[in-house]
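Values below: all heavy atoms of this structure, side chains included; hydrogens, waters and symmetry mates excluded. Each chain gets a letter, A, B and so on, in the order its sequence line appears, and its residues count up from 1.
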2 protein chains.
Amino acid sequence: MGEKTLSKELIARLPRYFRYLDDYMNVGIKKVSSGELSHKMNVTASQIRHDLGHFTISGQQGYGYNVRELYDEIKRVLGLDKEKKVMIVGAGNRGKALISHRMFRNRGFKLEGVFDIAEMPDINGYHVFPINELPEFIKEHNTDLAILCVPSQEGSIVAKQVVDAGIKAILNFCYVDLDVPEDVIVENVHLRDNLMVLAYKYDNMPKE
Amino acid sequence: MGEKTLSKELIARLPRYFRYLDDYMNVGIKKVSSGELSHKMNVTASQIRHDLGHFTISGQQGYGYNVRELYDEIKRVLGLDKEKKVMIVGAGNRGKALISHRMFRNRGFKLEGVFDIAEMPDINGYHVFPINELPEFIKEHNTDLAILCVPSQEGSIVAKQVVDAGIKAILNFCYVDLDVPEDVIVENVHLRDNLMVLAYKYDNMPKE
DNA sequence: TAGATTGTTAATCGATTAACAATC
DNA sequence: TAGATTGTTAATCGATTAACAATC
């Protein structure tokens, strides 16, 4: 709530703004103008001002924006001020690799549980729970997001289990389009698609 | 070459078309109309016909499209008919997980080499080469694509090494925007961004 | 103050959708 | 043939960019 609905294009740009502002803060820069940021990020200054116009910060004519204010505002808009409880479902190669991801180290996302059908030893200090304990776990922990890393052929069935257990948001690594109720949000990560797009661009590079 | 340049939106849709057509083939369906496909993929039939109009296949009025022809055409457009030689640079958690990815099993992408700074045992039958052997390897194997999975703080430096060694296309898993020459193509996979977008949508779900 | 930069409105651009004549 | 569906053009929609008055 708050700002009117943002376009999907703008939403997709937010994490990038956030990252650059984080960089500015880390090097101790206190203010930034749309022109500077535009140069750095390789987008138009006009777009930046337009985007920022959706939020409740304001810059100062002749000066620019306060980096910290902007950072905090975008953090708020992205909902990163409220920590999200995350579970990983599927502890194969991919799931294992995600467990140690930096985003789970105090970056707004807290990894609370790891699940798999197979029994296996703890990973990185995380116990791996059997999938049938999902519903109880979700109820008890109020999990916000599920990361789905099971083999693709099991994606649909496990997604259903997760949704039935009450999850409303899924980051989907399976190479299928999940069929979920309207009130469940899915973000897909399809590495093969990314590679195909790269292959296309590679084959169709403007020839020198 | 061939078709005029396609919009980035259309390029991004191609892998999805390809996947659905693959599904049709696998269940033995021989023809499909824009209307059916539209229903299945949840896009407008108009968009499908518009998109397909860029290619050198044609449907048949009153009938639809031949699935195999369409599949082959999109495969060709994506450049999947010419196998791409791929290397993975960085054999940490993420790199290791990628080595066994299905896309390297006869899907148009051939994993030819794995590199890391650290010495380590073979992974999944792949020898891990030291990064300083990159230039020689690329020259010898004519590698097309590099997948960059080193720790983010090393992304820029390793990207430079890879580019200097002659690579023109990078799938970048590092959480930085790579600064590469114009003639080098980069596709970013920023999982944290995906998670942030998911978090945003989750917090801003239309309330029931 | 003069210069810089915002915030916002209008112009442009391009993608998506609608419509329908052509035709299998 | 009649019905279905394409291919394509025109209409619509929305995002990006340009422009500039307001103002710090």
> Can you tell me if A/Asn172 uses its side chain to pair, donor with acceptor, with the backbone of A/Glu187 under 3.5 Å?
Replying inline: no
>> Classify the ring geometry of B/Phe137 against B/His141: parallel below 30°, tilted from 30° to 60°, perpendicular beyond 60°.
In response: parallel
>> Under 4.0 Å, heavy atoms only, any strand: does A/Ser46 hit a base, just the sugar-phosphate, or nothing?
In response: base
> Does B/Thr44 or A/Gln61 map to a spot on DNA chain C nearer the 5' end, using the closest nucleotide for each?
Replying inline: A/Gln61
>> Need two values: the first and the last nucleotide of DNA chain C, 5' to 3', having an atom under 4.0 Å from any heavy-atom of chain B.
In response: C/dA15 to C/dC24
>> Would you say that A/Tyr71 contacts A/Lys75 through its side chain, given a criterion of any heavy-atom pair below 4.5 Å between the two side chains?
In response: yes
> So do the side chains of A/Arg94 and B/His101 get within less than 4.5 Å of each other, counting heavy atoms only?
Replying inline: yes
> Given that A/Arg49 and A/Leu10 both sit by DNA chain D, which one's nearest nucleotide is further toward the 5' end?
Replying inline: A/Leu10
>> Show me, range against range, the stems involving DNA chain C, built from at least 3 consecutive Watson-Crick or G-U pairs below 3.5 Å.
In response: C:3-24 with D:3-24
> Distance-only, no hydrogens or angles: does the A/Arg16 side chain make a donor-acceptor pair with backbone N or O of A/Met41 under 3.5 Å?
Replying inline: yes
> What does A/Gly53 touch in the nucleic acid at a heavy-atom separation under 4.0 angstrom: a base, only the sugar-phosphate, or nothing?
Replying inline: nothing
>> Just to be sure I understand the rule, does B/Gly59 reach a base, reach only the sugar-phosphate, or reach nothing, if contact means heavy atoms closer than 4.0 Å?
In response: sugar-phosphate
> Is it the case that more than 12 heavy atoms not belonging to A/Asn106 sit under 6.0 Å from its CG atom?
Replying inline: no
>> One pair to check against salt bridge (charged side-chain N to carboxylate O under 4.0 Å, His left out): B/Lys160 and B/Asp179. What are the steps and the verdict?
In response: CA-CA 8 Å; B/Lys160 191 174 177 337; B/Asp179 183 27; over 6 Å; no
> Side chains of B/Ser100 and A/Asn93: donor-acceptor distance under 3.5 Å anywhere?
Replying inline: yes
> DNA chain D: A/Lys8 or B/His50, which has the more 5' nearest nucleotide?
Replying inline: B/His50
